[in-house]
Structure formats: C-alpha cells, structure tokens
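Below is one structure, written out as structure tokens, with a few remarks after it.
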Amino acid sequence: MHEHNRKKLFELFQPSADALIYLKGGTVLHRYNTDFEYSFRQESNFMYLTGVKEPDFQLIMDIKDQTWHLVLPRRDSKFAVWMGYVHPPEYYKETFGPDSVLFEDQLELVFSRRSPETVYCLGDETADVLRGFNLTANTDTLPEALAYCRSIKSEAELEHLRIASKIAGEAHIIAMKAAGAAGFEYEVKAAYEYHTKRNGLLHEPYSGIFASGANSAILHYVENNRAIPKNSHFLIDAGTEVEGYAADITRTFPVSGRFENPLSDLYDIVLKAIRETISGARPGVKMEDLQLHACRVILDGLKGLGLVHGRIEDMMEINLFALFFPHGLGHFLGLDTHDVGGYLKGVEPIDRPGLRFLRARRTLEKGMVITIEPGLYMIPALLEPAFKDKTNKPFLNESKLRKLLGFGGIRIEDNLVITETGYENMTPVPKSRERIEEVMAG
Ligand SMILES: [Mn+2]
C-alpha cells in the first residue's frame, strides 16, 4: 500500500528532475511542560508514504532515481530501558523496504553529497532545516501533491476504511443499547470504546460526541459528562481508526428505545435529507449541490410541521436553513477525519451561512471517500436573535419553535466511497426509526 502511495507521488514530478522530497514524521507530544506523554499517532502524510508508526523518523524520496530512504533517530540503551526496544537499522530495512536507512546525524552528509537543485517539503519549519544545509526548499508543491494523491483512495486504503466503519458501526449499536441503563453520558462513551479498544483499535480519529438532550445541539460537545435526562434522546458522533484510516459515524436515538414526538417528526426530516443526498452521490456531482438539496428537504420538512411558513425558494434566498442546519453536509475522510483535498488550490468556501462550513467543495470522482451528515438543531443562540430579525421573523412560527428550544438536535452521518456509477455506503448502522427500535430492543 505505501509503495503504491510513493509511486503515485513520484509520478506527479518530472522524472529525473534533480530534486528530493523531504518529510519529517511526528514527534511525541507532552501535556504542557510535564513529562506526561500523549499516545503517539504518526503524522498523516508520513503515515501515507511510509507506514512507520514510531516517532522521530524522517523520509527522503529521491526524484532523480526514484529511490526512498528512511532516516532513523539515533537511540541509545537508555531508550531501551524506558521504551523497551532499540531496533537495529536492519529491522527497519526489512520491515519497510526502503532503498537505504541512515541515521539522523548522517543527514547533513547525505544532503551535501547529493546537493539537489530543489527539495520539496511541507512547511516552514522543515524548510528552515533545509536552508540550514544550504539547500533550496520549496513548500508550495508538496502539500498540494499529497492532497491530490490522498483524495483518491486505493483499494488497499478502502479496505482499512471499510474495517474502521464496520467496527465503529458495531460500537454504535452496542452504545445505543447501553444508553437505556446509563445515568451519565460517559457511560455510553465507555460502552462504545470498550468495543473499539478490545478490537485493538486504540486511536480515536477525533474527540467523540456523546450528547444527551439539549447537549445534542452543541456542535462540538466533547465534555460528555452530564447526567442523561429521562426520556431524552442521545446523539453519538464517534469513529475509530484502522492503520490510520478513520470512520466518522453519527446516530441519534431515543434513550428509551422508543421514538416519540417531537423526536419522531424531526428525525424523519433528517432521515429524508440523508437518504436523498446519499442517493444523489455519484461522480460528476458537486458537494455543494448535495448540501443545497439537504437544506431544501429540511426547510420543506419544517414547513410540513408548521414550524416555518412561506415559499421554500424565499427561505432558501435568505439562507433560513442555516438557523437549523448551520454546518457543512460532509467532508473527505481518510488518514484524517477531515481529510485533505476538500478544496483545490484557488477554490474558496462559498460565502453563505451553513455552506461556508462545507469542508469539501469538490466535484465527486470515483475513489473519493466522503461523509454525508445533515443535521437539524434547535439552537437558542441562533433562534433567539432570528425571532427578532426582520428578515427571518416572517418565516418563523415563534410560539411553536419556542417550545422546542430545549430539544437539542439530530444528526445522521454515513461514510461513502464514490464508485464508477454511484456510491458504496460503508456504514452498517441502521437509520430508520423502526430498525433502530428493533436493534435497541435486542
Ligand atoms: Mn463528520
């Protein structure tokens, strides 16, 4: 897989150009200035090109002769005492198959002997290191080249993404079932993580959201520490990571296991929005058009419930949807949860409420992996000012909406691979009310 990835990157450069690619892998992070270490997770570009999961490695790819070289940290016996191992260079040569391995203190020698015209790197920090060696560093090309490579997934990458989605999906079902007997949100999180971690998946691709009741309308609620109100509903937005590749799934369900109003009616609106946008996903379609469609479905649904009134087109015109669905419809998914490549160079976010948070403004192509995640929220911080705003006010049924101010929100999120003719949905968690009730009933 990583050999394929390196080849893909090499192919973007003029062969035989007198140039190198130079990347630094991740280092261990500490909590403030203490010796507490966060568990190490490799930097995604480095992971993509090497598969090395240890800190303090570096990579040189030589465009001239299409070779690659792994740069090892110099580790002493003290490291072996504290960390339990010091592998010999041969271990890395055999495991990862580079054309050569060298130690970091040999880097200067290698650079001066090779003395290329250009070295492509990712950022200013690395560029400074290179300039220290009297080399010409280029920071413009490589980020874009890697984003281009990473935005279309290979079959091997898709396999990891499928497994991540499968296990995260199982964890969602387990957590749903645990919610009924749980007193606090973190108990549901613990049930979720018990499943991912016992499958050996020790990294979270993002801080999961385990939100009950009104907290489900807090878009980045990560405290996950409040008591679950009786008869409330619950929103779980959580994934897992397989060989660095992420799943990112959201489900919303009643804690009791039985859908009742107002949850049922509002839920069906979001369900319709996700079903219709998913079925519209195929090569040639723009993410922003899918989002606009979801916005229409949501407004139409709210109108059906008498929560808003007027012509849908007029509501679209004033972006009324963004009061209820203020975030983007989805994003690329891969080694990062919000994966690279969502915007091509020169493309800016749409300057429109809601849509400006769309993280992938691309025309879909085969091999892209995206999330689709429409939501519907009752957010007092948005609705209170809207009740007083002369543009929004005429469309809102204030008395009905006021009754829902403490309701919270609903989001449903699946992970899709774009295929030749449409999509493959990797997310194996039920979405319909009936199926969720069945699953929760055991
Ligand atoms: Mn997401």
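In this chain, numbering begins with 1 at the start of the sequence shown. What you are looking at is a predicted structure, and each value in this text was computed from that prediction instead of being measured. We count ligands from 1, going down the list as the structure has it; atoms in each ligand are counted the same way. Heavy atoms only: backbone and side chains are in, while hydrogens, waters and symmetry mates are out.
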Checklist entry - Once you round to the nearest 0.5 Å, how far does NZ of K24 lie from CG of D56? => result 9.0 Å
Next on the checklist: For a quick check under 3.5 Å, do Y206 and D237 share a side-chain donor-acceptor pair by atom type?
Outcome noted: yes
Checklist outcome for this item: With sequence neighbours left out, the residues meeting side-chain hydrogen bond (donor to acceptor under 3.5 Å, both in side chains) with E43 are N45
Next on the checklist: Can you list everything that forms a side-chain hydrogen bond (donor to acceptor under 3.5 Å, both in side chains) with R402? Sequence neighbours excluded, please.
Outcome noted: E384, E398
Next on the checklist: So, at under 2.8 Å, which protein N, O or S atoms would a careful student list around the Mn ion (ligand 1)?
Outcome noted: D248 OD2, H331 NE2, E373 OE2, E413 OE2
Item to check | Name of the residue among Y221, Y192, Y186 meeting ring pair (Phe, Tyr, Trp, His ring centres under 6.0 Å) with F210 | outcome: Y192
Residues 322-335, side-chain donor-acceptor partners within the protein, below 3.5 Å, at least two apart:
| residue | atom | partner | partner atom | Å |
| --- | --- | --- | --- | --- |
| H327 | NE2 | Y377 | OH | 2.6 |
| H331 | ND1 | T337 | O | 2.9 |
| H331 | NE2 | D248 | OD2 | 2.9 |
| H331 | NE2 | T371 | OG1 | 3.3 |
| H331 | NE2 | E373 | OE2 | 3.0 |

